[in-house]
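Have a look at the structure below, then the notes.
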Amino acid sequence: MYGLWKPRVLGAWKVPATGPVIFAVNHSHNVDGPMVMGVAPRPTHFLIKKEAFIGLLNPFLTGIGQVKVDRASADRTAITRALGVLEAGGVLGIFPEGTRGTGDFASLRAGLAYFAVRSGAPVVPIAVLGSSDRPGRLIKGLPPLRSRVDVVFGDPFEAGDGSGRRTRKALDEATERIQKQLTAHLENARRLTGR
């Protein structure tokens with residue numbers, strides 16, 4: 001990432017050095033996940049749509065520990081693998097909106113809350129800013145080479161209410177708490193970076 005762009009990383013020291021952690025990353029561009037993997041202080045295993053596992057990317061993504069997920073159904077294999085990452089004390093990366101969009105955390109899917117409540121792992125909000133400002137001249141699908149991309153790590157927080165409940169109501173409440181935290185972090189990241 002440092003060879004292709006100029007990442008500015010803020011707050012990476014906030015990531016817990018050990019134990020399970022969930023990265024909740026806004027997603028407005030294809031490069032957001034690789035950028036976080038490239039600058040994060042710990043190895044990260046992202047939930048990635050199965051459509052990305054094509055050709056030479058399949059063995060590469062599998063080899064670096066990324067988790068293939070079928071977004072069309074409740075993918076039990078992906079859920080088991082993701083929980084395994086957390087049980088082993090690893091970092092699981094999730095795009096809580098489920099797909100690329102404006103990257104403003106406006107509509108969250110329940111997956112992040114499920115993993116956070118089920119595992120008890122703290123959630124670290126991450127804002128990637130500048131990746132979708134303008135297309136590159138060489139490759140339109142990527143930000144311009146050597147352009148600045150800001151990656152802002154936020155304070156870890158607990159998504160659950162501490163009761164250990166995993167009911168539908170508890171997950172809905174956790175999703176609401178998560179959305180407030182992520183939205184506040186994104187606003188703060190924009191203020192910090194001037195974007």
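If you're wondering where the values come from, they're calculated on a predicted model, not measured in any experiment.
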Residue pairs passing the ring-ring contact (aromatic ring centres under 6.0 Å, His included) test where at least one lies in residues 151-173, sequence neighbours excluded: Phe23-Phe153
Return the minimal non-hydrogen interatomic distance between Leu92 and Ala82, and the atom names on each side. CD2-CB, 3.8 Å
Go through it in stages, so that I can follow the logic: the residues are Leu171 and Val117, the test is side-chain contact (heavy atoms from CB on, under 4.5 Å), and I'd like the CA-CA distance, side-chain angles, deciding distance and then a yes or no. CA-CA 7 Å; Leu171 291 177; Val117 170; 4.0 Å; yes
Using links of under 4.5 Å between side-chain heavy atoms of ILVMFWY residues, direct or through other members, which residues join Leu10 in one cluster? Val152, Leu192
Salt bridge (charged side-chain N to carboxylate O under 4.0 Å, His left out) involving Lys180 - partner list, sequence neighbours excluded: Glu176
More than 12 heavy atoms from other groups under 6.0 Å of CZ on Arg76: no
Taking all non-hydrogen atoms of both residues, which atom of Leu129 and which atom of Leu186 are closest, and how far apart? CD2-CD1, 3.9 Å
Any pair counted as salt bridge (Lys or Arg N to Asp or Glu O under 4.0 Å), so long as it reaches residues 1-30, sequence neighbours left out: Arg8-Asp150, Lys14-Asp155
Could you state the interatomic distance from CG (Leu4) to CE (Met35), rounded to the nearest 0.5 Å? 8.0 Å
Any ring-ring contact (aromatic ring centres under 6.0 Å, His included) involving residues 55-90? Give me the pairs, sequence neighbours left out, ordered by first then second residue. none
Minimum-distance pair of heavy atoms, taken over all atoms of Gly154 and Val124: O-CG1, 3.6 Å
Remaining members of the apolar cluster that contains Ile54, side-chain heavy atoms under 4.5 Å: none
Using the side-chain hydrogen bond (donor to acceptor under 3.5 Å, both in side chains) criterion, which residues pair with Thr62? Sequence neighbours excluded. Asn58
Please name the pair of heavy atoms, one in Ala121 and one in Leu86, separated by the smallest distance, quoted to 0.1 Å. CB-CD2, 4.2 Å
For side-chain contact (heavy atoms from CB on, under 4.5 Å), just list the numbers for Ser119 and Ile22, CA-CA rounded to whole Å, side-chain angles, deciding distance to a tenth of an Å, and then say yes or no. CA-CA 10 Å; Ser119 69; Ile22 298 172; 4.2 Å; yes
Measuring only between side-chain heavy atoms, which start at C-beta, is Thr175 closer than 4.5 Å to Pro96? no
Given the options Val15, Asp32, Val151, Ile126 meets side-chain contact (heavy atoms from CB on, under 4.5 Å) only with Val151
For Glu173, check side chain to side chain contact (heavy atoms under 4.5 Å, CB included) against everything at least two apart and list the hits. Asp161, Arg165, Lys169, Arg177
Residues 40-47, side-chain donor-acceptor partners within the protein, below 3.5 Å, at least two apart:
unit_1, atom_1, unit_2, atom_2, d
Arg42, NH1, Pro16, O, 2.9
Arg42, NH1, Gly19, O, 2.9
Arg42, NH2, Gly19, O, 2.9
Arg42, NH2, Gly89, O, 2.8
Thr44, OG1, Arg42, O, 3.2
His45, ND1, Gly65, O, 2.8

Can you list every pair that meets salt bridge (Lys or Arg N to Asp or Glu O under 4.0 Å) and has a residue in residues 77-95, with sequence neighbours left out? none
Drop me the distance from Arg148's CZ to Trp5's CH2, to the nearest 0.5 angstrom. 15.5 Å
Identify the heavy atoms of Phe95 and Val25 that sit nearest to each other, and give their distance. CD2-O, 3.4 Å
Please walk me through it: do Val149 and Val31 pass side-chain contact (heavy atoms from CB on, under 4.5 Å)? CA-CA 10 Å; Val149 177; Val31 80; 5.6 Å; no
Side-chain heavy-atom pair Tyr114, Ile79 within 4.5 angstrom cut-off: yes
In chain order, what residues pass the side chain to side chain contact (heavy atoms under 4.5 Å, CB included) check against Asp70, with sequence neighbours excluded? Lys50, Ala72, Ser73, Asp75
Restricting to salt bridge (charged side-chain N to carboxylate O under 4.0 Å, His left out), what partner residues turn up for Arg118, sequence neighbours left out? none
Before giving the answer on side-chain contact (heavy atoms from CB on, under 4.5 Å), spell out for Val69 and Ile48 the whole-Å C-alpha distance, their side-chain angles and the decisive distance to 0.1 Å. CA-CA 6 Å; Val69 64; Ile48 300 175; 5.8 Å; no
